[in-house]
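Encoded as structure tokens, the structure appears first; notes follow it.
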Amino acid sequence: MEPNGSSAVPSASDLILQQRTEALKSVQESVQKGDGSLFSQLTNNPLFTAGFGLAGLGAGLTFAQKGIRHGAALLRRRMLVDVEISIKDDSYPWFLHWMTLYQQSQLGTSRSVASNSGFINRFLQKMTPGMRHLSIQTQKVEHSNGAIHTHFSLIPGPGKHVLRYKNAFIFVNRMRESKSRDLQTGKPWETITLTTLYAHRHIFEDLFTEAHAYAEKSHEGKTTIYNSWGTEWRPFGNPRRKRPLESVVLDEGVKERIVEDVEDFISSAAWYHDRGIPYRRGYLLYGPPGTGKSSFIQALAGELDYDIAILNLSERGLTDDRLNHLLTIVPNRTLVLLEDVDAAFSNRREQSDADGYRGANVTFSGLLNALDGVASAEERIIFLTTNHVERLDEALVRPGRVDMTVRLGEVTRYQVSRLWDRFYEEIDKDGSHRKLFISRLEELGLIEDAQGHKPDRSKSTSAAALQGLFLYNKGNMEGAIAMSEGLTYSVHGEALGHSQD
């Protein structure tokens, strides 16, 4: 008792010590008597049961958390489906273009949907959020007259987007890795992940088919020109409008013979494979500048609905390994154009420029191996052009490497007539001015005479020079005839217009 008469209140530590003492005495007594089990004593101990309960509760919560995660992952695998697109895949730009067009069409039709559709469609339309993360894409289009027009377009930027396609919601996550970059281009690595319900997985096939159709439509009527960039091919500028095959005037029968051979090769893949013959074809076009070599290849690509991959063998830094690699990764439906093929022979001579550079790095043996070596690619159509065929080795032009050799030389009477009709057929109804022009060229010794006698090549002219004369005198036949003497000064490509090789 305290002095004031009140009872002392025991502290919490005193109570715990007292309970431990009593528990120890109880255990000792039970052990001495032998009439009780240790387990029953422990379970009746409030301290022991409290600690065991807490531990069990923690373990249960941990187990439940893991179960929820596994259950969610299982539910996701069962109910959702993902499609991942990397920036290296051809469908990557297709999808971005499709998503931009689709979102624009959705915004354009939202008012009509809201007013004409039912309650469910209006509700889904309101529930579908628009794109909030956008990136700007700039394209510069250079026209034939030198003018440059700039076009801007908004594409889905990095981040998360939601779109509704055929009444199915698709979650789009465009991720950009800031620390991971493409070693060739230096651009950040990107992926796009599309997620929807497993029951709607079939819409991905419809979506990518539609995206590919949009890409084909944007490419329709155009030819893509590829240039080498490091160890890969990249489009050079925007796709160009296809050049009509009729716009290139070669000597009689030459154009038709090449086109027929190329079309026969394209349709004979099974024939080559069945006989174990490498499925590739090589063509050599040679002749003076301005005879239409490059122009014909561009028109041929348009006729066949092919693209063109251009590689100049005189390019600095082009090695044998890089040449062989580039020829093995040519894009589908693409003609390969190796310009200035005679440059590979310059390494046979010990000549150096003022800066010590010894011409191209491609060797003659490296060129031969790239054309038909063990590691050379198949399913390939390759065109070689040169202005100096005399520099080429016989090993290069043998069958298997070059299957057809065609010389595009000086302009002929046939070409003059065809080119004249292209420019003046509508006003020269009876062809009298054409006869005067041809007679004038005969007098100047620029074309063969009526008996077929070939002119001296030192006085010949090219189709590019002739076209330049006609362009200068659009609609003026008399002016073209009067200025025909100027063609004698364009023997080496110094024409009135620019040479179109």
Side-chain angles (χ1 to χ4, degrees), residues 82-110 128-143 148-177 182 184-196 200-227 229 232-242 301-302 305-309 331-334:
D82 295 334
V83 173
E84 184 177 282
I85 319 168
S86 70
I87 194 172
K88 280 291 187 180
D89 195 83
D90 292 338
S91 61
Y92 194 88
W94 299 351
F95 176 77
L96 289 181
H97 180 64
W98 173 88
M99 189 173 176
T100 302
L101 296 178
Y102 185 78
Q103 189 71 11
Q104 291 175 354
S105 65
Q106 289 291 98
L107 293 175
T109 58
S110 59
T128 304
M131 290 188 295
R132 294 294 185 266
H133 308 282
L134 301 174
S135 297
I136 190 168
Q137 188 177 63
T138 306
Q139 292 182 342
K140 293 184 178 180
V141 180
E142 183 175 356
H143 299 277
I148 298 178
H149 289 173
T150 304
H151 299 282
F152 302 96
S153 59
L154 295 175
I155 62 174
K160 297 181 179 180
H161 312 270
V162 181
L163 58 89
R164 186 168 62 93
Y165 179 69
K166 294 185 177 181
N167 293 327
F169 283 94
I170 301 176
F171 297 89
V172 182
N173 187 13
R174 182 181 177 185
M175 295 175 289
R176 177 178 294 171
E177 299 290 341
D182 193 319
Q184 296 177 350
T185 62
K187 295 181 179 180
W189 183 259
E190 293 185 7
T191 57
I192 294 178
T193 303
L194 310 179
T195 305
T196 189
H200 296 156
R201 62 189 182 279
H202 63 277
I203 66 172
F204 287 131
E205 183 176 350
D206 298 337
L207 187 152
F208 285 107
T209 300
E210 189 173 313
H212 181 260
Y214 279 133
E216 289 289 324
K217 187 175 181 180
S218 64
H219 189 267
E220 186 177 353
K222 298 178 181 178
T223 301
T224 299
I225 307 297
Y226 293 97
N227 269 359
W229 186 273
E232 65 177 359
W233 295 101
R234 285 192 191 178
F236 181 70
N238 294 316
R240 303 181 182 181
R241 183 178 299 176
K242 289 182 179 179
D305 197 20
Y306 269 53
D307 296 323
I308 304 175
N332 293 330
R333 297 185 65 83
T334 300

Identify the two heavy atoms, one from [X] and one from [Y], that lie closest to each other, and give their separation to 0.1 Å.
| X | Y | result |
| --- | --- | --- |
| Thr223 | Ala301 | CG2-CB, 4.3 Å |
| Asn167 | His200 | O-CE1, 4.4 Å |
| Ser86 | Trp189 | CB-CZ2, 3.7 Å |
| Thr334 | Tyr306 | N-CD2, 3.4 Å |

Intermediate values then yes/no, salt bridge (charged side-chain N to carboxylate O under 4.0 Å, His left out), Glu210 and Lys166: CA-CA 12 Å; Glu210 189 173 313; Lys166 294 185 177 181; 5.5 Å; no

For the backbone of Phe169 and the side chain of Thr196, can you confirm whether one donor and one acceptor N or O come within less than 3.5 Å of each other?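 Flag set: sc Thr196 to bb Phe169 pair under 3.5 Å.
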
How long is the gap from [atom1] on [X] to [atom2] on [Y], to the nearest 0.5 Å?
| X | Y | atom1 | atom2 | answer |
| --- | --- | --- | --- | --- |
| Leu163 | Leu194 | CG | CG | 8.0 Å |
| Ile203 | Arg164 | CD1 | CZ | 11.5 Å |
| Asp89 | Trp94 | CG | CH2 | 8.0 Å |
| Ile87 | Tyr92 | CD1 | OH | 5.0 Å |
| Glu190 | Leu96 | CD | CG | 8.0 Å |
| Phe171 | Thr193 | CZ | OG1 | 13.5 Å |

Name the orientation class of the two ring planes belonging to Phe208 and Phe204 (parallel below 30°, tilted from 30 to 60°, perpendicular beyond 60°). tilted

In terms of the angle between their ring planes, are Tyr214 and His97 parallel, tilted or perpendicular, with boundaries placed at 30° and 60°?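 Tyr214 and His97: perpendicular rings.
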
Which of Val83, Leu207, Thr195, Val162 passes side chain to side chain contact (heavy atoms under 4.5 Å, CB included) with Ile170? It is Leu207

Given Ile192, which partner from the list Met99, Arg174, Met175 fulfils the side chain to side chain contact (heavy atoms under 4.5 Å, CB included) test? Arg174

Can you check side chain to side chain contact (heavy atoms under 4.5 Å, CB included) on Tyr226 and Thr224, steps first, answer last? CA-CA 6 Å; Tyr226 293 97; Thr224 299; 3.8 Å; yes

For atom CZ of Arg201, is the number of surrounding heavy atoms from other residues, nucleotides or ligands below 6.0 Å larger than 12? yes

Taking the side chain as C-beta and beyond, is there a heavy-atom pair between Asp305 and Lys242 under 4.5 Å? yes

